[in-house]
Structure formats: structure tokens, C-alpha cells
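So you know, we letter chains A, B, ... as the sequences are listed, proteins then strands, and number each from 1. Since we're looking at a predicted model, the values are computed, not measured.
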Number of protein chains: 2
Amino acid sequence: MSGRAEQIVDAARALIDEGGAATLTMRALGERLGIRAPSLYKHFPDKGAVEAEVITLAMRELAGALAPAAGDLSELAAAYRAYALAHPHLYRLMNSGPLPRHLLAPGVEEAAALPLMHVAGGDTDRARALWAFAHGMVILELDGRFPPGADLDSAWRTGLAAFAGPGQPPTY
Amino acid sequence: MSGRAEQIVDAARALIDEGGAATLTMRALGERLGIRAPSLYKHFPDKGAVEAEVITLAMRELAGALAPAAGDLSELAAAYRAYALAHPHLYRLMNSGPLPRHLLAPGVEEAAALPLMHVAGGDTDRARALWAFAHGMVILELDGRFPPGADLDSAWRTGLAAFAGPGQPPTY
DNA sequence: GTCTATACCCGGATAGAC
DNA sequence: GTCTATCCGGGTATAGAC
């Protein structure tokens, strides 16, 4: 609320973006802001509350990155992957592990999923399958699970072609 | 090598299976075996080495669980999901985050991926896309990312149908 | 709102005796 | 191969002064 809280969240976002979720400690966060860790507790009840704000922020960022590509499946997929590769730690933070839903700004989770839902033509099964494919591709890439020389563009195309196939006509 | 090392790995596996990777601490591991934590270092150089053995174990387990279903796409998918749901923590351990490849028994990673590769008809793009889909579905389910009432069986069917579609004839 | 001081807990790992 | 004793580092969070 007060400008200070936003500064804290921004610093926390930067910390995670640069070094991963584990890098976010109250001490490091304080140091980045030029204050001591205990002072942070005047603005947030605990670390979880700060982290939740960063998740909210990241989900809005992702939604913003996907919006321009809404409507076209391969563009959307490219935008999704591009965000994940540009901000792997933030991507992981918001898409892995348990989600503190009660601490998130209402609607952000849905907003981030909307473009995907839309491109699936309102078919929830297709939307979920597509989401799983996209998330799977991204997280396996981030985790270095594909072989070194693997042509992931090609794998993406293959997968997207499958989903654009029967029962769901392409966009053109 | 000595029977003791296997006991340690088994205990570590049980610990993770029950409570997740974070539950594996050298103290907890020792306690489970009725010895003190420092004694473990007579058998393993560090915690990472123990963990790597558990990953190797889990990958062999997964491969064993998939083998009977090899050949049929939907059976294979069902077996994959079933293992993940039965052992969510082990699944996560071996399929999330960086993999200490140099500490794994050679070939296990490939062995676990073989059935999937086979069902994709040797098409690496298709195999990778399929793997991404399956892993995505499983990990999103484990992380509670789908809406509470979501019909995941249906989403699985939709996704599998897409992958069984054009360019890759069904098995019958 | 910030500070210092500190409590508290937990982890991995080592030294050296037996 | 197991023990005890211990080091060392790191984290979250609180109390109370300013």
C-alpha cells in the first residue's frame, strides 16, 4: 500500500529473478533495500506474504506477455516459452509447488490462464492438455532434462500440430 | 556395496517417499537406522551421494512400472500417472530440478524414458512432446494446479487422442 | 520505521576417541 | 563403524530502544 511495500516487493522480485526462490531471504532482501531484515516485518507479517506478492506480480507479467499473442496458437506458445526462458526463476516460482492461493490477488491466476483457455476454443479438456504440454516442455527445458543437442523447436511444432489437429480447426 | 549402504539408501528412499525430499536429513536418516548422523559419512561422502542413489532407485522403479504397459499409449500413460500419484515425492525427486547425472548409475535415465520413446514409434519429436504432456499433466496435478473438480481423465484422453492422431497411426 | 541484540531452530559436516 | 562433542553457517522472527 504505502510506496515502501511496493519497493520491497520489487526488490524481492529482482532477487528471485536473478538467483531463484532460495535467494529470497529476509536478510538479503533487507540488504538490497539498505535496511535490516527485522525492519521488513513492519511492512509484511512474514516472508510468505512477500513471496505471495511476487507471485501475483509474476502472474500479471506473464499475462501481459501472452496478451499480444492471444488468438494464435503458435504465437501464444512462443510467447509462453519466451517468458519462461527470460525469467526461469519467476516462472518456476509461480508454476511449481503449492500455490498460496489465499494470499494472491483474486483473479490473477485465472487471468494468466485466460489466453490459453481462449485459444483452446473454450474446450477445457483441450485447454488443460495444452497447458500441460506447454508447461511440460518449458519446465523440462529449464531443468535441463532434454538431451544437449535436442531440437526443441521441432518438438514444440510437433506437439502444437497434434493439438491443432482433429476436432479443433487451425486459426486460418 | 556393503549391505549397509543399501540399507541406508532404502531408508532414504522411504524417508523421501513418506515426507518429501526436504525430509531427508542426515540426522533423520541416521535416526531411522538407529545410528547417529556422523556414522553415515563412513558409507557415503555426503548427502548428495545418498540422494543420487535414491534417484537411481526411483528411476528403476518407474521403468519397472512402465514396462508391462509398453506398446500401448493409453496404458503407458495410465501407468505413468499411477506411479506418480502413488509416489509423488519420488516422482518429483527424479523429475524436477537439476539432475546429478554424473552420480547416477549409467543408463537409468535412458531406461526410464525408453517405453515412451518406443510408443512414439522412434520419432524423437513426438516422444519429447508426449513426455512433456505426460509430465505436465502429472506435475500440475501433484501441485494442485488444476481446479478442484477438474475431470483429469478426460483431459488425459483429449491429449492422448491428439498425440495418437495424424502422422502417427494408433497401435491397432 | 528503523535500529541492535538476540532467541531459536535447523541443517551439513568434521575431529578424535573407542 | 560407531560414538560424542562440536563447529559452522544459515534461516525466520521477536523484543525493546530510538
Side-chain angles (χ1 to χ4, degrees), chain A residues 1-57 89-90 92-93 96-100 102-104, chain B residues 1-57 89-90 92-94 96-104:
Chain A
M1 291 301 194
S2 77
R4 198 58 165 147
E6 280 150 31
Q7 288 180 343
I8 294 173
V9 173
D10 285 348
R13 196 214 87 111
L15 222 40
I16 293 174
D17 193 30
E18 291 163 15
T23 308
L24 177 62
T25 69
M26 297 305 266
R27 298 198 221 257
L29 183 54
E31 189 172 3
R32 191 172 189 109
L33 290 161
I35 63 178
R36 302 290 168 185
S39 305
L40 296 166
Y41 292 86
K42 295 288 182 178
H43 303 278
F44 291 90
D46 52 36
K47 182 187 165 183
V50 179
E51 215 171 67
E53 290 298 316
V54 177
I55 294 175
T56 293
L57 204 63
H89 299 303
L90 289 172
R92 243 189 272 267
L93 177 72
S96 296
L99 195 63
H102 57 291
L103 293 179
L104 301 183
Chain B
M1 290 305 191
S2 78
R4 198 56 166 148
E6 280 150 32
Q7 288 181 341
I8 293 173
V9 173
D10 285 347
R13 196 214 86 110
L15 223 41
I16 293 174
D17 193 29
E18 292 163 12
T23 309
L24 176 62
T25 68
M26 298 305 267
R27 299 198 219 258
L29 183 53
E31 188 172 3
R32 191 173 189 111
L33 290 160
I35 64 177
R36 302 290 168 184
S39 306
L40 296 166
Y41 292 87
K42 295 288 181 179
H43 304 276
F44 291 90
D46 52 37
K47 182 187 164 184
V50 179
E51 215 171 67
E53 290 299 317
V54 176
I55 293 175
T56 293
L57 204 62
H89 299 303
L90 290 172
R92 244 190 271 268
L93 177 72
M94 71 178 143
S96 296
L99 195 63
R101 288 203 167 84
H102 58 290
L103 294 178
L104 301 184

*Going from CG on A:Leu15 to OG1 on A:Thr25, what distance comes out if it is rounded to the nearest 0.5 angstrom?*
7.0 Å

*Rounded to whole angstroms, how far apart are CD on B:Glu51 and P on C:dA13?*
11 Å

_side chain to side chain contact (heavy atoms under 4.5 Å, CB included) for B:Ile55 and B:Leu90? Distances and angles first, verdict last._
CA-CA 8 Å; B:Ile55 293 175; B:Leu90 290 172; over 6 Å; no

*If you look at every strand shown and take non-hydrogen atoms under 4.0 Å, does B:Gly48 touch a base, only sugar-phosphate, or nothing?*
nothing

*Interatomic distance where CG belongs to B:Leu33 and C1' belongs to D:dC3 [whole Å]*: 15 Å

*asked:* Between B:Arg32 and B:Glu18, does any side-chain N to carboxylate O distance fall below 4.0 Å?
replied: yes

*Pick base, sugar-phosphate or nothing for A:Gly34, based on heavy-atom distances below 4.0 Å to the nucleic acid.*
sugar-phosphate

_Go nucleotide by nucleotide along DNA chain C from the 5' end; which of B:Asp46 and A:Lys42 gets its closest nucleotide reached first?_
A:Lys42

_Separation of atom CG in A:Leu29 from atom C1' in C:dG1, rounded to whole Å_ = 15 Å

_4.5 Å side-chain heavy-atom contact, B:Arg4 and B:Val9_ = no

_Closest to the B:Pro38 side chain, choosing from D:dA13, D:dT2, C:dA15_ = C:dA15

*Which heavy atom in B:Ala21 sits nearest to a heavy atom in B:Ile16, and how many Å separate them?*
N-CG2, 4.0 Å

_Separation of atom CZ in B:Arg36 from atom P in D:dC3, rounded to whole Å_ = 6 Å

*Verify the neighbour count for atom CZ of B:Arg36: are there more than 12 heavy atoms of other residues, nucleotides or ligands below 6.0 Å?*
no

Is there any protein nitrogen or oxygen under 3.5 Å from a nitrogen or oxygen in nucleotides 8-11 of chain C, and what are the pairs?
from   : atom 1 : to      : atom 2 : distance (Å)
C:dG11 : N7     : B:Arg27 : NH2    : 2.7

*Can you measure from CD (B:Glu6) to CG (B:Leu57) and round to the nearest 0.5 angstrom?*
10.0 Å

*Mapping A:Pro45 and A:Ala28 to their closest nucleotides on DNA chain D, which lands nearer the 5' end?*
A:Ala28

*asked:* Between P on C:dT14 and CG on B:Leu40, what's the gap in Å once rounded to a whole number?
replied: 13 Å

*Phosphate contact (C:dC3 OP1 or OP2) by A:Ser39 side-chain N/O below 4.0 Å*: yes

*Are B:Asp46 and B:Met26 side-chain neighbours, meaning at least one heavy-atom pair lies under 4.5 Å?*
no

*asked:* When you measure from the side-chain N and O atoms of A:Arg4 to the phosphate of C:dT2, is any distance below 4.0 Å, counting only OP1 and OP2?
replied: yes

*Using the C1' atoms of five pairs at each end, what's the angle between the two axes of the helix from C:dG1-D:dC18 to C:dC18-D:dG1, to 10 degrees?*
10°

*Atom-to-atom span, CZ of A:Phe44 to C1' of D:dT12 - whole angstrom*: 16 Å

*Between B:Leu29 and B:Val50, is any pair of side-chain heavy atoms under 4.5 Å apart?*
yes

